[in-house]
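Working notes, beginning with the structure itself.
Because the structure is a prediction, the values reported are computed rather than measured.
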Amino acid sequence: MHDTPPTLGFNSNYARLVVDHVRACDLDPQPVLSALGLPESDSEPGPQWVPCARLAEALHRAAALCKDPHIGLSVGQQVRPANMGSLGYALISCRRLEDGLAQYERMQSLVCTEIQAEHRLKGEWLENRLTGMGDVPRDTHLWTFAMVSRLAFVRWVAGRRLAPSQTWLPCPPPLDPQPLLDYVGGPIDFDAPFGGERVPAIWLQLPNPHADAHLHQLMSALTDQQWAQHRQDQAQLHAVLRQLIAQALQQGTVPLLDKLGPEVEARLGLSARQIQRRLADDGQSFKELMEQVRREQVLHDLRHTPLPLQEVAQRAAYSELSALYRAVKRWTGLTPVAIRQAAAR
């Protein structure tokens with residue numbers, strides 16, 4: 001019997017950045033490939049996904065092989081359009097950063113289905129929040145790689161060394177944070193409850209020195225074809241629903257399918273009735289999926305963050321702390337305090 005391939009994680013083309021870096025150091029990449037769960041070369045049709053936990057392990061192995069304590073920083077800077085497939089070339093050839101951001105936000109699941117980005121304008125600032133789908137490790141190598149690769153790509157598109165005004169990373173700082181701070185060029189809040197950046201909204205109007213209308217049209221057409229195939233995938237439906245559920249919960253709202261339906265339909269072309277039917281095919285209801293996301297988020301916050309219990313409850317849309325206690329007791333047989341104490345041992 002074959003193992004079911006993972007459906008949440010980074011696209012293997014993106015994850016292979018770690019393999020390429022180890023090879024460039026004239027080292028055997030096999031330990032890294034083994035950690036990623038990937039063959040020497042891609043042979044399977046369609047996208048392959050590398051879960052965040054596997055990517056974190058691969059980065060740790062690469063750090064040991066290369067004797068590089070800043071492996072996430074080293075590898076993340078090497079991101080290229082090819083690592084994002086046709087979407088990468090569509091983004092690198094767009095006219096303005098605003099155009100590229102809109103295209104990326106709509107189709108980001110072609111690159112990663114386990115960490116989803118949401119961008120919001122707040123006055124003169126643009127804030128980006130990264131939401132983990134499930135128990136994404138609060139690993140320094142992993143989150144440094146994810147953040148640096150995003151920043152490196154934006155700098156490439158803009159043709160200038162842009163620096164965020166604030167960066168949040170949901171992981172401990174490296175032993176020596178200075179190289180990372182020097183690269184980012186702005187303050188970083190480590191051990192934050194979420195990942196993300198705050199940048200000047202004027203960035204959206206910056207022209208792209210690499211803009212190429214013909215290349216953009218060609219690559220956008222290829223990306224649209226991939227997206228049309230990808231969005232019919234059952235795993236993609238779950239990824240989008242989990243992202244929207246997590247966002248609603250963290251805003252203090254218990255999500256309802258009727259409320260999320262228009263957004264899902266805009267992204268995937270599925271009506272609320274079709275969503276219910278697709279979930280039923282997997283033996284699951286929307287309510288059960290919502291409770292699963294809620295449970296994963298609460299247990300993750302208890303085990304991996306210092307957030308006060310009241311804030312953990314608010315981020316899961318529990319109006320009372322007592323409701324959080326009852327839910328955790330029902331899921332695990334333990335209290336929230338006991339779960340946090342066990343994780344600290």
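Both Leu334 and Val298 are part of a single hydrophobic cluster, where members link through side-chain heavy atoms under 4.5 Å apart. Two different hydrophobic clusters hold Trp331 and Val293 under the rule that ILVMFWY side chains link at heavy-atom gaps under 4.5 Å. A single hydrophobic cluster is not seen to contain both Val312 and Met290; linkage of ILVMFWY side chains at heavy-atom distances under 4.5 Å, directly or through other members, places them apart. Using a 4.5 Å cut-off between side-chain heavy atoms of Ile, Leu, Val, Met, Phe, Trp and Tyr, with links allowed through other members, Leu241 and Leu256 fall into different hydrophobic clusters.
Within a 6.0 Å sphere centred on CG of Leu222, other residues, nucleotides and ligands contribute more than 12 heavy atoms.
To the nearest 0.5 Å, the span separating OG on Ser93 from NE2 on His216 amounts to 5.5 Å. Rounded to the nearest 0.5 Å, atoms NZ (Lys122) and CD (Glu127) are 4.0 Å apart.
Although no hydrogens or angles enter the test, the distance criterion places a donor-acceptor pair under 3.5 Å between the side chain of Arg61 and the main chain of Pro31. Although no hydrogens or angles enter the test, the distance criterion places no donor-acceptor pair under 3.5 Å between the side chain of Ser149 and the main chain of Gly76. Distance alone, capped at 3.5 Å, is enough to place a donor-acceptor pair between the Asn208 side chain and the Ile92 backbone. The backbone N or O of Cys52 lies less than 3.5 Å from a partner atom in the side chain of Glu114, making a donor-acceptor pair.
Counting heavy atoms from C-beta outward, Leu204 and Leu206 have side chains that stay 4.5 Å or more apart. Contact annotation: the side chain of Pro336 approaches that of Val328 to within less than 4.5 Å [non-hydrogen atoms, C-beta and beyond]. Leu97 is listed as a side-chain neighbour of Leu162, based on a closest heavy-atom distance under 4.5 Å. Using a 4.5 Å heavy-atom threshold, the side chains of Gln48 and Asn11 count as separate. Asn83 has its side chain out of reach of Arg16: every pair of non-hydrogen atoms, C-beta onward, lies at least 4.5 Å apart. Contact of the Asp20 side chain with the Gln78 side chain is not registered, since no non-hydrogen atoms from C-beta on lie closer than 4.5 Å.
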If you look only at distance, which donor and acceptor atoms sit under 3.5 Å apart when one is on a side chain in residues 313-325 and the other is two or more places apart or in another chain?
from	atom 1	to	atom 2	distance (Å)
Arg315	NE	Asp301	OD2	2.9
Arg315	NH2	Asp301	OD1	3.3
Arg315	NH2	Asp301	OD2	3.2

Show me, pair by pair, the donor-acceptor contacts under 3.5 angstrom made by side chains of residues 174-184, not counting sequence neighbours?
from	atom 1	to	atom 2	distance (Å)
Asp176	OD1	Gln178	N	3.2
Gln178	NE2	Asp182	OD1	2.8

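Remark: Arg160 fails to qualify as a cation-pi partner of Trp203 under the 6.0 Å distance and 45° angle criteria applied to the six-membered ring. Geometrically, Arg80 engages Trp156 in a cation-pi contact defined by less than 6.0 Å to the ring centre and at most 45° from the axis.
Using a cutoff of 4.0 Å between basic side-chain nitrogens and carboxylate oxygens, Arg23 and Glu40 are scored as salt-bridged. Taking 4.0 Å as the cut-off between side-chain N and carboxylate O, Glu118 and Arg120 count as a salt-bridged pair.
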Practice task
Test Phe194 against Trp168 for ring-ring contact (aromatic ring centres under 6.0 Å, His included), laying out the working first.
Solution key: CA-CA 7 Å; Phe194 53 82; Trp168 298 277; 5.4 Å; yes
Exercise for the section: List the steps and the verdict of salt bridge (charged side-chain N to carboxylate O under 4.0 Å, His left out) for Glu291 and Arg330. Expected result: CA-CA 12 Å; Glu291 187 69 4; Arg330 183 176 69 253; 2.9 Å; yes
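Judged as a ring-ring contact (aromatic ring centres under 6.0 Å, His included), the pairs with a partner in residues 50-108 (not counting sequence neighbours) are, in order, His60-His141.
Ring geometry, Phe10 versus Tyr14: the interplanar angle falls under 30°, so the pair is classed parallel (tilted spans 30 to 60°).
A donor atom on one side chain and an acceptor atom on the other are found under 3.5 Å apart for Gln250 and Gln297.
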